[in-house]
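Letters A, B, ... mirror the listed sequences (proteins, then strands); counts begin at 1.
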Amino acid sequence: MAAGLVDYRMPSLGSDMDAGTLVEWLVRPGDRVRRGDIVAVIETQKGAIEIEVFEAGEIAEILVGPGEKVPVGTPLARLRTTISAEGAVAATAAAPAPPAPSAPAPSPKLVAPRHEGGRILASPAARDLARSLGVDLATIAGSGPGGAIVRADILEHRAAPREKKAVGLDLAAMRVAIAAAMARSKREIPHYYLQHQIDVARSEEWLAQTNAERPPADRLLFAVLALKAVALALRRFPQFNGYWRDGTFEPSSAIHVGTAIAIRGGGLAAPALHDVDQLALDELMTRLRDLVQRMRAGRIRGSEMTDATITVSSLGERGVEALFGVIYPPQVALVGFGTIVRRPWLVENAIQARPVVTITLAADHRVSDGHAGALFLAEIGKLVREPEKL
Amino acid sequence: MNENEIRAIFLEELGNVAPEMDLATLAPNADLREALDIDSMDFLNLATAVHHRLGVDIPELDYPKLVTLDSALRYLSGRLK
């Protein structure tokens, strides 16, 4: 084990990305970094992405400055590591869509732009102000020492929400990225589709009761029941969780659920919520809110864009009853939730008006068959209807 | 707090939820969810912001009362009296 200098390279955040623009460095030469620290923000077709470092060390030299666009794999900085150089090179973020096992260990805490031990750097006065205004510190860029958020940053953020929105999301470029991924999916993946309708009266009642005692900030949405149910069902049906690569299926032990988020004004992304099967519903709700906010503010981390092991989409909000998804390669399945509609439904032997949701599965026939898919959907349906057990 | 202040705060928070929309052209009786393309997460964020700014904790059962700009302002004024 000798100290070595390794290159920290422009990562590939998907097979459709060939270059990225460095927007800003969050570290300077001489700074010590730990595995998983966010060191820079890059601009890609998918918007501004925060990129992490995958090994510990010290920033020796910055090679690419803000505003420069460079191809994937170009050294951005040099890192002085304390582990052997060859191991470290393999650990850089250059591999396209790393499988979950080699992805950085997701932090159990919410990680925001500038953090020390998982904590956002902000002055106490800024924290107070943010709390009183209901502003999420994770969505604010700091201008204080070391990138710390100061009061002025929060006031400016409040004054210019529109301007902030424009940063980091290039919708035309995002359209190109979606086109490339979806065309590849339809070219290569033999999809099959299934649907399953369930009565969600119990889930709705449970949510209404739970939320009745809570202020808005602590309320749950049906979406978290859906996400958790899918994640738990995947433990029993691993053939829907992982990647198809080089002609074989690589199941993933971790369950990272890509969550389709519509971008206002057009566009779509499905960044990952990590280890969803292990999260309590409250924690999952907090993470979902945080993810949606950061996605829309253009502050998504590289690993979140690449390590989802399945995708869940709910177009339901706009009133469609069912959606048949296009699988996001190299994943092998997509679960869709339609809107909850009131329909005549048989309860025992009487027809009643009940809230009904249609759950759909698009899955890769190279990996699984319709029989397994049907059992997987039935398991999701059962779990959604028992929210107290989620 | 008078009605103009409530209106200003509510519109500001609506603007934060739907930043690309031109609220000046929003009809007072239009369904906010349709006119501004607001989903359940957006609406929850709006309710959370209103709670922080105005101290009005909107129960879920009252959500239907905030369907339009007019009805929302009427509801909030009533709660703040």
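Proximity to chain B is limited to the backbone of Leu207(A), based on heavy atoms less than 4.5 angstrom apart. Contacts of Leu61(B) with chain A are absent, with no heavy-atom separation under 4.5 Å from either backbone or side chain.
The distance from atom CZ of Arg289(A) to atom OG1 of Thr48(B), rounded to the nearest 0.5 Å, is 3.5 Å.
If you tally non-hydrogen atom pairs under 4.5 Å between each of Glu60(B), Glu34(B), His51(B) and chain A, the highest count goes to Glu60(B). Comparing Pro215(A), Ala208(A), Ala212(A) by how many heavy-atom pairs each has under 4.5 Å with chain B, the most go to Pro215(A).
Qualifying side-chain hydrogen bond (donor to acceptor under 3.5 Å, both in side chains) partners for Glu213(A), counting only residues two or more places apart in sequence or in other chains: none. Here Tyr63(B) pairs with Phe43(B) under the ring-ring contact (aromatic ring centres under 6.0 Å, His included) rule; sequence neighbours left out.
Summarising the local packing, CD of Glu3(B) is surrounded by 12 or fewer heavy atoms from other residues, nucleotides or ligands at distances under 6.0 Å. Atom CZ of Arg175(A) has 12 or fewer neighbouring heavy atoms from other residues, nucleotides or ligands inside a 6.0 Å radius.
Of residues 216-226 of chain A, those residues with a non-hydrogen atom less than 4.5 Å from any non-hydrogen atom of chain B are, in numerical order, Pro216(A), Ala217(A), Arg219(A), Leu220(A), Leu221(A). Interface residues of residues 65-81 of chain B toward chain A, defined by a heavy-atom distance below 4.5 Å: none.
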